[in-house]
Amino acid sequence: MVDVTSQVSVQTAAAATPSARRYYVLGLLTIIYALNFLDRTIFNVLIEPIKKEFQLSDTMMGLLAGFGFALFYSLLGIPIARVADRLNRRNIVAIAFAFWSAMTALCGAATSVTSLALARIGVGIGESAGSPASQSIVADLFAKNERPRALGIYAVGTYLGVFLGYFVGGYVNQHYGWRMAFYIAGVPGILLAAILWLTISEPKRGAMQESFVPEPLGATLRFLASQRSFVVVLIGFCLTTYTNYATAAWIPPFLARVHHLSSAEIGTYAGTFKGLAGMAGTLLGGFVVARVSRRDDRWKLWAPAITSGLAGPVFALCLLTQDFATMVAALALTSFLVGFHLGPIFAIAQTVAKPSMRALASALIALTATCFGQGIGPLAVGMVNDALKGSFGADAVRYSLLSAAITTTLGALLFVWAARPIRADIARAAA
C-alpha cells in the first residue's frame, strides 16, 4: 500500500526549499568536490618531475600517489562521517576543505620524500571529511527520484577536478616547476571554504524522508550490512575505483613514456580526453539513470553495469594500440563509460540507507573504494612497472595498466548482481 501522507510530506519538504537555493548549494559542493580531485590529481601529472628530483622508483611513487593519501583518508573517514550524522555538516565540510587545501600547498614546500609524504597524508585527512558530509547534505535537498540526477551533477566534480588537475599541473610544471603547481592548486580552496561557511546553512536532516530517528553505530552497521545491494555495490565500486585511480595516476607517465608527450601536452590531452569525457559521462549517467529508473529501480544498477562492462575492452584497446589517434579516442571513451556510474552509485548509498545513516553509508562506499582503488591501484601498477621494466622498458606501463581493464569488467558483473535485491532494500530503508 502506498503511504500518501508520507509522499505528500516529502513533496512539501522539497517545495519548501527554493529550487535556485538547492542548486546553489549543489553547485558549490560540486566545485568543492572538484577541488578535492584537483588536489589529488595534480600529484599524478607531477609524478615524473618529482620522481626525477628525489630519485624515486615507480613503486615509491605509487605509494605516494596511493597509500600516502588513502591510509589516513580511510582510517579517519568513518569516525568523521559518524560525527557528520550528528553535528553541523556545513561546518565540517568548510573546516576540512580549508585544511586539505593548505596541505596541498604545503606539498610544494616539501624538501624531502618524508615531508612530501606528510603533506599528502594531511590532504587525505582533510578530504576524508568532505564528501560524506556533502553527499548527506545533497540527500536532504533532493528526493529519492531526484538523487541520481543531483548526485550525478555532484559527481561531475570528480572529472572536473581531474581536468583541472591535469591542465594546471601540466602547464604550470612546464613553465614554473612542480612546486608552484601545488601552490596554485591549494591556495584558492581556503578562500572558497570561507564562502561556503558564510553562504550555506545546514539543511533539516531527513527533510526528504517522512521520519528521522537517530541510530546507534552498531545498529547502523548491522542495517547496512543487511542491505545486500549495498554490500555488493561496495565491492563492485572498489573494483571500478581501482580502474579510476590506477588510470588517473599512471596515464600521465604512460603518455610521457610511450607516446613521448611533454608536460604541457600531457595536461592538454589527459585533461581534455580523460577529464572532459569523464565529466560528460558522469553528468549523462545521473540524468539517464534518474529517467530510466522511474519505473524500475533495478536500472539504477543495470545502466552502470552496462557502461562499466564496456569500459574494459575499450581501455585495453587504448593501451595496446600503436596509433596515437586511436589511443586518444579510446581514452576518451573509457573515461566516458567509467564516469557514467559515479552518480548512480553515490545515489545508491544514500537511497538504501536511512536518513540517520547517510553520511556513514557514503563514507563506507567512498573510503572502502578509496582504500582499495587509490591505495592499491597506483601502488600495484607501480610495482608491476618496476618488475617489467627490465623486459619492456618504457612500455612496461602499457602492460601493467591492463589490470584496470579487468577490474572494471568485474565491477560491472557485481552491479548486475546487486540489482536483484535493490527494490526490497529501498523499501526497507524507507520503512
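A quick note: this is a predicted structure, and the numbers were derived from the prediction, not measured. All residue numbers in this chain count up from 1 along the given sequence.
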Locate the shortest heavy-atom distance separating Pro421 from Ser229; write the atom from each residue and the value. CG-N, 3.8 Å
Measuring from atom CD1 of Ile200 to atom CD1 of Ile137, what distance do you get when rounded to the nearest 0.5 angstrom? 7.0 Å
Check whether Ser226 reaches the backbone of Phe223 with its side chain - one donor and one acceptor, N or O, closer than 3.5 Å. yes
Go through it in stages, so that I can follow the logic: the residues are Leu192 and Ile195, the test is side chain to side chain contact (heavy atoms under 4.5 Å, CB included), and I'd like the CA-CA distance, side-chain angles, deciding distance and then a yes or no. CA-CA 5 Å; Leu192 195 58; Ile195 293 174; 4.1 Å; yes
Check whether any side-chain heavy atom of Trp299 lies under 4.5 Å from a side-chain heavy atom of Val288, and answer yes or no. no
With a 3.5 Å distance limit and no angle check, can you tell me whether Arg89 reaches the backbone of Ser134 through a side-chain donor-acceptor pair? no
Does the side chain to side chain contact (heavy atoms under 4.5 Å, CB included) test come out yes or no for Tyr269 and Ile251, once each step is laid out? CA-CA 10 Å; Tyr269 280 100; Ile251 282 296; over 6 Å; no
The reported gap from CD1 in Ile31 to OH in Tyr154 (rounded to nearest 0.5 angstrom) is 12.5 Å
Could you tell me if the side chain of Ile121 sits less than 4.5 Å from the side chain of Ile125, heavy atoms only? yes
Please assess Phe167 against Phe163 for the test ring-ring contact (aromatic ring centres under 6.0 Å, His included), listing each intermediate value before the final yes or no. CA-CA 6 Å; Phe167 262 102; Phe163 170 75; 4.8 Å; yes
Please give me the minimum heavy-atom distance between Gly189 and Ser101, naming the atom from each residue. CA-OG, 3.3 Å
In sequence, state the C-alpha distance, the side-chain angles, and the governing distance for Thr334 and Phe273, and then conclude on side chain to side chain contact (heavy atoms under 4.5 Å, CB included). CA-CA 9 Å; Thr334 299; Phe273 295 102; over 6 Å; no
In terms of heavy-atom contacts, Thr247 and Tyr166 come closest through O-OH, 4.0 Å
For the CZ atom on Arg228, are there more than 12 heavy atoms of other groups (residues, nucleotides or ligands in this structure) within a distance under 6.0 Å? no
Atom CG in Leu379, atom CG in Asp58: separation rounded to 0.5 Å? 11.0 Å
Taking Asn173 for its side chain and Trp178 for its backbone only, find out whether a donor-acceptor pair lies under 3.5 Å. yes
If we only count heavy atoms from C-beta on, is the Tyr159 to Val338 side-chain gap below 4.5 Å? yes
Interatomic distance, Ser403 atom OG to Tyr242 atom OH [nearest 0.5 angstrom]: 3.0 Å
Ignoring hydrogens and geometry, is there a side-chain-to-backbone donor-acceptor pair from Arg298 to Ile422 under 3.5 Å? no
Using modelled atom types only, decide if a donor and an acceptor are shared between the side chain of Asp386 and the backbone of Thr59 within a distance under 3.5 Å. yes
Just wondering, more than 12 heavy atoms not from Arg428 lying within 6.0 Å of its CZ? yes
Are the side chain of Thr241 and the backbone N or O of Phe237 linked by a donor-acceptor pair below 3.5 Å? yes
Does this structure show an ion pair linking Glu146 with Arg149, if we count only N-O contacts that are shorter than 4.0 Å? yes
Is there a side chain to side chain contact (heavy atoms under 4.5 Å, CB included) between Leu301 and Ile345 once you walk through the steps? CA-CA 8 Å; Leu301 287 167; Ile345 297 304; 3.7 Å; yes
May I ask you to check whether Gln135 and Ser131 show a side-chain donor-acceptor distance below 3.5 Å? yes
Close side-chain approach of Phe415 and Thr307, heavy atoms under 4.5 Å: no
Below 30° counts as parallel, above 60° as perpendicular, anything between as tilted: where do the rings of His259 and Phe324 land? perpendicular
Output for pair (Thr104 OG1, Glu127 CD), nearest 0.5 Å, gives 6.5 Å
Report yes if some heavy atom in the side chain of Thr199 is under 4.5 Å from a heavy atom in the side chain of Tyr24; otherwise report no. yes
Please step through side-chain hydrogen bond (donor to acceptor under 3.5 Å, both in side chains) for the pair Asn44 and Tyr245, ending with a clear verdict. CA-CA 10 Å; Asn44 301 333; Tyr245 284 117; over 6 Å; no
Less than 6.0 angstrom from the centroid, inside 45 degrees of the normal: does Arg40 satisfy that with respect to the ring of Phe37? yes
Where the side chain of Thr408 meets the backbone of Gly312, is there a donor-acceptor pair that is under 3.5 Å apart? no
So which heavy atom on Ile47 is nearest to which on Met61, and how close? O-CE, 3.7 Å
Minimal heavy-atom distance between His341 and Thr240, with the atoms involved, is NE2-OG1, 3.0 Å
With a 6.0 Å cut-off (strictly less than), is the heavy-atom count around CE of Met327, excluding the residue itself, greater than 12? yes
Could you tell me whether the side chain of Val168 reaches within less than 4.5 Å of the side chain of Phe182, counting heavy atoms only? no
Heavy-atom check, side chain of Ile32 versus side chain of Leu196, under 4.5 Å: yes
Closest heavy-atom pair and its distance - Val232, Leu414: CG1-O, 3.2 Å
Beyond-backbone contact of Ile365 with Leu234, side-chain heavy atoms, under 4.5 angstrom: yes
Rounded distance (nearest 0.5 Å) linking atom OG1 of Thr243 with atom CG of Leu410: 9.0 Å
